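Below is one structure, written out as structure tokens; comments come after it.
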Amino acid sequence: MHVFKYFQDIVTKEIEAMGAAGELPGGLDLGRVTVEPPRDAAHGDLSTNAALVLAKPAGRKPRDLAEALAARLSQVPDVTEVTVAGPGFINLRLDEDLWRRCLADVLRAGPDYGASTLGAGRKVNVEYVSTNPTGPLTVGHARGAVVGDALASLLAKVGFEVTREYYINDAGAQVDTLARSTHLRYREALGETIGGIPEGYYPGAYLKDVGRALAERDGDKWLGRPEPEWLGEVRRFAIDAMMDLIRQGLADIGIRQDVFSSERALVESGGVEAVLETLEARDLVYTGVLEPPKGQTPEDWEARPQTLFRATRFGDDVDRPLKKSDGSWTYLAPDMAYHLDKFRRGAEIMIDVWGADHGGYVKRMTAAVEALTEGKAEFKVLFCQLVKLMRHGEPVKMSKRAGTFVTLKEVVDEVGKDVLRFIMLTRKNDAPLDFDLEGVLEKSRDNPVFYVQYAHARARSVLRHAAAELPDLPRDPTALAGAPLDLLTDSDELALMKRMAEWPRLVESAAEAYEPHRIAFFLYDFAATFHGLWTRGKDETALRFLLPDEPERTAARLALVQAVAFTVASGLQIFGVEPVEEMR
RNA sequence: GACCCCGUAGCUCAGCUGGAUAGAGCAGCGGACUUCUAAUCCGCAGGUCGCAGGUUCGAAUCCUGCCGGGGUCGCCA
């Protein structure tokens with residue numbers, strides 16, 4: 001049961017009834033009416049701004065309107081008290097038993113608690129990672145990977161049909177560089193002395209393995225031959241090797257994407273030409289000359305006619321080139337074809353997770369998607385700011401050139417995938433993140449991963465103790481749902497139940513805002529509520545969960561504890577983090 | 001020159017799409033360990049929400065203009 005949505009419906013119905021009774025004009029816009037938990041619990045369990053929002057259009061004083069609506073709401077089942085406060089808020093207090101029924105719902109739902117049908121099966125495509133296949137994943141890539149993955153799970157949880165996708169940029173100049181660098185390592189593997197790695201090549205040692213593997217497969221077949229003869233095959237070989245490396249890196253942090261789309265395949269199948277034709281037919285492409293770029297003008301800049309997409313018609317600042325001076329496609333052209341492809345595969349909502357350095361690209365892509373789908377698809381970009389890796393309070397030096405950059409694997413080996421994933425989600429994605437290699441392993445309250453996991457472990461510990469020491473009590477969650485929950489009467493027990501009842505609402509709002517980090521903050525707060533109740537049991541033995549002399553009350557408390565474990569597990573599931581049974 | 005992020009307690013950050021007296025953790029101060037693991041909990045203290053206007057019954061939140069930090073701006077992806 002989603003308490004807040006349930007009462008939102010009731011408030012809406014009562015307002016409509018007032019309209020029907022002639023107390024209010026009909027057809028009022030109820031879009032701004034909210035029903036939510038008040039910030040201050042002393043105000044009650046629920047608060048609605050309906051009277052404040054509707055007073056003006058209804059031509060009535062907020063307080064009067066509030067009184068009228070309050071009178072109706074006081075007749076609603078489970079509403080025990082209605083007060084009008086401040087400028088015209090209506091505060092409701094609900095029957096305690098309602099929260100106990102919510103608790104029973106949690107037990108029946110299990111770790112799926114919070115799932116909903118909000119998305120109504122709409123198709124969402126979440127594209128994330130999508131790094132160039134030129135090297136292993138770094139910690140920086142991991143943030144986008146984790147954010148994209150958690151967002152996908154979050155959307156799936158609220159009823160969207162989600163595709164997790166990776167776009168392989170295997171058609172640009174960078175993969176040619178990769179091929180050349182690999183060829184160099186291949187020659188090295190066959191005994192040549194290559195000396196230093198020339199400027200403009202990838203220096204990473206990981207390419208030695210690829211060169212060696214190529215030598216093993218093909219022998220000296222590509223030796224002493226002109227580049228055009230080997231470039232294509234070496235490139236294919238190297239890209240495959242890099243994608244294996246990347247897929248392994250993703251697997252290391254528990255990510256498996258559904259679709260890997262190749263830019264090269266798109267280009268070679270004529271997908272880009274097809275898009276161009278479509279655009280031309282609609283007069284969205286023309287040949288023109290652009291102004292020089294503002295700011296730092298490239299030295300080799302010269303005005304020349306080029307193939308342009310009329311992005312300005314869709315809100316962009318300038319029209320955007322689709323072809324480079326050498327006649328090949330710009331990045332935009334195949335990317336347009338790619339997004340059209342996603343749309344044709346059924347995506348009604350497309351979400352791209354990008355690094356923050358791509359900020360300048362969002363307007364043209366938004367324009368492109370609008371043009372290509374004729375406004376039928378929603379397009380959203382999530383930016384991930386940099387991750388600053390810290391050790392002993394000092395930033396870890398990251399330089400590819402100096403060979404000191406830290407691979408994702410190294411960090412996962414050090415802290416584990418669950419810690420990495422959770423920490424990556426403890427900030428808004430568009431805020432920078434400090435990742436403290438020691439801090440994330442600290443066993444204290446200021447480490448959110450530990451604190452949340454500890455709450456789960458504590459709950460599980462109680463259940464284990466119960467099973468061992470009080471074997472006659474029910475253990476099955478469904479049976480626990482039938483325990484005499486009316487014996488849960490302490491204010492902190494009720495507070496915990498209320499907090500738990502907010503979970504479905506929190507999940508939906510996080511999904512609607514595309515903000516998975518909200519889950520992390522909820523879990524942290526929720527864990528604090530649970531730890532607090534736990535500790536009260538130390539001083540007041542009557543508040544302990546396990547009371548051998550009171551089997552009925554103990555059963556009710558086990559129901560509460562089990563529900564806590566389910567709620568935490570439900571949140572961690574969205575994050576792809578395994579809830580732990582005990583802390584070590 | 002333009003566009004995109006960010007600016008909230010000494011520090012690191014939340015703030016539920018405009019609600020009531022702006023909240024957590026850390027650091028500081030004071031308390032609770034014969035327990036269902038004190039790896040935790042309770043209390044105190046700490047604020048001109050960058051600045052100035054505007055919209056509104058009501059603004060940290062929306063709009064405008066400044067200030068400060070970061071990013072980007074044809075042939076990189």
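Every chain is numbered from 1, with letters handed out A, B, ... down the list of sequences. Side chains included, hydrogens not; waters and symmetry mates left out as well; all remaining heavy atoms used. Just so we're clear, the structure is a prediction, and the values are computed from it rather than from any experiment.
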Of the candidates B:G19, B:U72, B:G15, the side chain of A:R518 sits closest to B:G15
- [ ] Compare side-chain N and O positions of A:R458 against OP1 and OP2 of B:U37 and report whether any pair is under 4.0 Å apart.
- [x] no
Taking B:U17, B:C36, B:U37 as options, the one with an atom nearest any side-chain atom of A:A513 is B:U17
Of A:V362 and A:D326, the one whose closest nucleotide on RNA chain B sits nearer the 5' end is A:V362
*asked:* For A:H339 and A:F379, I'd like to know if the aromatic rings sit close, meaning centre-to-centre distance below 6.0 Å.
replied: yes
Applying the 3.5 Å cut-off to both distances, the Watson-Crick or G-U partner of B:A2 turns out to be B:U72
Paired to B:G28 by Watson-Crick or G-U wobble criteria (both distances under 3.5 Å) is B:C44
Side-chain contact check for A:E582: nearest option of B:C75, B:U37, B:G25 is B:U37
### Query
How far, in whole Å, is B:C57 from B:U48 if one measures between their P atoms?
29 Å
Here the distance between atom P of B:C4 and atom CG of A:L386, to the nearest Å, is 20 Å
Rounded to whole Å, CG of A:D539 lies from C1' of B:G31 at a distance of 11 Å
ask   = For the ring pair A:Y524 and A:Y451, is the centre-to-centre distance below 6.0 Å?
value = yes
Side-chain N or O of A:K428 less than 4.0 angstrom from OP1 or OP2 on B:A14?
yes
Quiz item: When the C1' atoms of B:A32 and B:G69 are considered, how many whole Å apart are they?
Solution: 44 Å
What integer number of Å spans the P atoms of B:U64 and B:C4? 9 Å
A:F521-B:A14 aromatic stacking (under 5.5 Å, under 30°)
no
Q.
Between A:H358 and B:C4, is there a contact of a side-chain N or O with OP1 or OP2 at under 4.0 Å?
A. no
- prompt: When only distance counts, do a donor and an acceptor, one from the side chain of A:R536 and one from the base of B:C42, lie under 3.5 Å apart?
  reply: no
Here the distance between atom C1' of B:C4 and atom NZ of A:K380, to the nearest Å, is 12 Å
Between A:I90 and A:L69, the two heavy atoms sitting closest are CD1-CD2, 3.6 Å
From the candidates B:A14, B:A77, B:A32, the one with an atom nearest any side-chain atom of A:R427 is B:A14
With the side chain defined as heavy atoms from C-beta on, A:R39 is closest, among B:C3, B:C36, B:G19, to B:G19
Q) Looking only at N and O atoms, is any donor in the side chain of A:T535 or the base of B:A32 less than 3.5 Å from an acceptor on the other one? A) no
Per the O4'-C1'-N9-C4 / O4'-C1'-N1-C2 angle with a 90° window around 0, B:U17 comes out syn
* **Pairwise P distance for B:G58 and B:G10, with rounding to whole Å** => 30 Å
Practice item. Determine: side-chain N/O of A:K388 to OP1/OP2 of B:U12, distance under 4.0 Å, yes or no. Key: no
(message) Considering every strand and a 4.0 Å limit on heavy-atom distances, what is the contact class for A:K443: base, sugar-phosphate, or nothing?
(response) base
A:L382 atom CG is separated from B:G71 atom P, nearest whole Å, by 21 Å
Note: A:A333 and A:L322 closest approach over all heavy atoms is CB-O, 3.6 Å
Item to check | Stacked cation flag A:K324 on A:W329, 6.0 angstrom / 45 deg | outcome: no
Between CG of A:D436 and P of B:G25 the distance, given in whole Å, is 19 Å
In whole angstroms, the gap separating P of B:G15 from CD of A:E36 amounts to 14 Å
| field | Side-chain N or O of A:K323 closer than 4.0 Å to phosphate OP1/OP2 of B:C75 | value | no
Side-chain atoms of A:R445 come closest, of B:G25, B:C3, B:C16, to B:G25
B:A20 base / A:N91 side chain donor-acceptor hit below 3.5 Å: yes
When rounded to whole Å, the CZ to P distance for the pair A:F545 and B:C36 reads 12 Å
Testing B:G19, B:C3, B:A20 for proximity to the side chain of A:S47, the answer is B:A20
Considering only heavy side-chain atoms of A:M583, the closest of B:A77, B:A20, B:U37 is B:U37
Quiz item: Taking atom C1' in both B:G7 and B:C51, what distance in whole Å separates the two?
Solution: 12 Å
- [ ] Using only heavy-atom distances, decide whether a donor-acceptor pair under 3.5 angstrom links the side-chain of A:H517 to the base of B:A14.
- [x] no
Can a salt bridge be assigned to the pair A:D490 and A:R536 using a cut-off of 4.0 Å between side-chain N and carboxylate O? yes
* Spell out yes or no: do the side chain of A:S509 and the base of B:C16 have one donor N/O and one acceptor N/O closer than 3.5 Å? => no
Task: B:C49 and B:U61, which share atom name C1', separated by this distance in whole Å - done: 10 Å
Margin query: With a 4.0 Å limit, can you tell me whether A:S444 has a side-chain N or O closer than that to the phosphate oxygens OP1/OP2 of B:A39?
Written below: no
Closest to the 5' end of RNA chain B, once A:Y454 and A:E469 are matched to their nearest nucleotides, is A:E469
Nearest-angstrom distance, C1' atom, B:G70 to B:G23:
27 Å
Scanning all shown strands, the Watson-Crick or wobble mate of B:C36 with both distances under 3.5 Å is none
A:L433 CG to B:G70 C1', in whole Å, measures 16 Å
Discussion item. Work out how far the P atom of B:A27 is from that of B:U12, and round it to whole angstrom.
Written reply: 15 Å
| request: Kindly determine whether A:Y113 and A:F566 satisfy ring-ring contact (aromatic ring centres under 6.0 Å, His included), including the steps that lead there. | output: CA-CA 7 Å; A:Y113 176 51; A:F566 280 154; 9.1 Å; no
> Between A:R505 and A:E502, is there a salt bridge with N-O shorter than 4.0 Å?
Replying inline: no
task = Have a look at A:G360 and say if it touches a base, only the backbone sugar-phosphate, or nothing, with a 4.0 Å heavy-atom cut-off.
result = sugar-phosphate
- Item | base_contact_polar (B:G58 base, A:R32 side chain, donor-acceptor, <3.5 Å) | yes
So, does A:H531 use its side chain to make a donor-acceptor pair with the main chain of A:Y454 at under 3.5 Å? no
Among the nucleotides B:G15, B:C26, B:A20, whichever has the atom closest to the side chain of A:P38 is B:A20
Against the side chain of A:F450, the closest entry in B:C13, B:A39, B:A20 is B:A39
